[in-house]
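First up is the structure itself, then whatever we jot down about it.
We count ligands from 1, going down the list as the structure has it; atoms in each ligand are counted the same way. Note that the numbering runs from 1 along the sequence shown for the chain.
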Amino acid sequence: MLIEKHGSIRLRDISLPSGTTPEQQELAHGMVRVNHLYRSALKVAVAQLEILDDEFATMYEHSPIHHIEYRIKTLDSIAEKLTRQGYEVTIDNIFTHIQDVAGIRVICNYLDDIYYMRRLLTRTESFRITREADYIKNPKDTGYRSLHLILDVPIVISEGTLHLPVEVQLRTIAMDMWASLEHELRYKSDRNFSENDAVRLRLCSDAIGEIDREMQNIYLGEKPEYEV
Ligand code: 0O2
């Protein structure tokens, strides 16, 4: 299943009020180009994942992919990230400093499926991994778990071949559940997010780590360490 999430950079996001300076106009036009180029890279990477997903669905008993989500980072989010990192909001800085304008989440069934998908993606000659962060082996302080890859994806446009980064986050269903709810609790709910909440979420993340290992073992038919 493929899910395209909201958040594309739409033309109306950059509608220009009267009094817009030439610099702002240039930025607005540049954003249209950014949107088009990264959307194209996203399409190429998603198409490859879809081909693999279809292959598993039609040819094999087990598919490592539960579902795939993808999105283009919103203009606001790009600007916020550049500003947070101390850069001016310019088109050049987007190309140089933002690696996740195009983002894909591959939600896998089992832990091993994540590393299997990583092997499949790196085996293709088209995509090269330029950066990797394994927050499964080394979860973040928040408790966040996922494998992050930045893929170098080639696209062919009228000017020739361009290579653009696409961020792929690989995680299990349980890790995805944790990440969605943690994000909701931390940033979106009206309640005050306390240090105690953060500690409890880290404990939930530890439990999810255990559950993922046990689900994997059940799938592989391995004997548990406890009596059943
Ligand atoms: P969105 O809307 O998900 O894209 P950064 O921290 O972003 O400056 P970097 O190296 O780009 O640095 O990214 P990092 O930390 O490897 O991963 C960033 C993305 O991972 C985030 O994207 C989230 O999707 C996810 N992520 C990382 N840490 C956490 C966490 O503690 N909780 C949750 N729920 N998700 C996390 P963005 O950019 O925040 O936004």
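Looking only at protein heavy atoms, the nearest one to atom 31 (O) of ligand 1 is T142 OG1, 2.7 Å. In terms of protein heavy-atom proximity, atom 8 (O) of ligand 1 is closest to R84 NH1, 3.2 Å.
The shortest heavy-atom distance from R131 to ligand 1 is under 4.0 Å.
Of the listed residues (E182, Q169, K140, R171), the one carrying the non-hydrogen atom nearest atom 32 (N) of ligand 1 is E182. Of the candidates W178, Y144, Y135, it is Y144 that places a heavy atom closest to atom 30 (C) of ligand 1. Between atom 3 (O) of ligand 1 and the options E132, R105, K73, the minimum heavy-atom separation is to R105.
H62 and D113 are linked by a side-chain donor-acceptor pair at a separation below 3.5 angstrom, with hydrogens and angles left out of the test. N93 and E88 share no donor-acceptor pair across their side chains, judged by distance under 3.5 Å alone. S194 and D197 are linked by a side-chain donor-acceptor pair at a separation below 3.5 angstrom, with hydrogens and angles left out of the test.
Considering backbone and side-chain N/O of A133, none are found under 3.5 Å from N/O of ligand 1. For a threshold of 3.5 Å applied to N or O pairs, the pair formed by R71 and ligand 1 contains at least one separation below that value.
With a 4.0 Å cut-off on non-hydrogen atoms, K81 touches ligand 1 through its side chain and not its backbone.
Close approach to H148 involves these atoms of ligand 1, each under 4.0 Å from a residue heavy atom: 16 (O), 17 (O), 19 (C), 20 (O). Atoms of ligand 1 found under 4.0 Å from any heavy atom of D100, numbered from 1 in the order shown, are 4 (O), 38 (O). Of all atoms in ligand 1, listed by their number and element, those nearer than 4.0 Å to a heavy atom of A179 are 34 (N).
Residue H97 places its NE2 atom among more than 12 non-hydrogen atoms of other residues, nucleotides or ligands, all under 6.0 Å distant. Annotation for R200: atom CZ does not count as buried by contact number, only 12 or fewer foreign heavy atoms lying within 6.0 Å.
Summarising the geometry, atom CD1 belonging to I78 is positioned 5.0 Å from atom CD1 belonging to I94; distances are rounded to the nearest 0.5 Å. Atoms CG and CD1, from D53 and I68 in turn, are 5.0 Å apart once rounded to the nearest 0.5 Å.
Ring-plane geometry between Y135 and H148 is classed as perpendicular, the angle between the planes exceeding 60 degrees on a 0 to 90 degree scale with a lower cut at 30. Y60 and F56 have tilted rings, their planes meeting at an angle from 30° to 60° on a 0 to 90° scale.
Taking a distance limit of 4.0 Å, we find that atom 39 (O) of ligand 1 is approached by no protein heavy atom.
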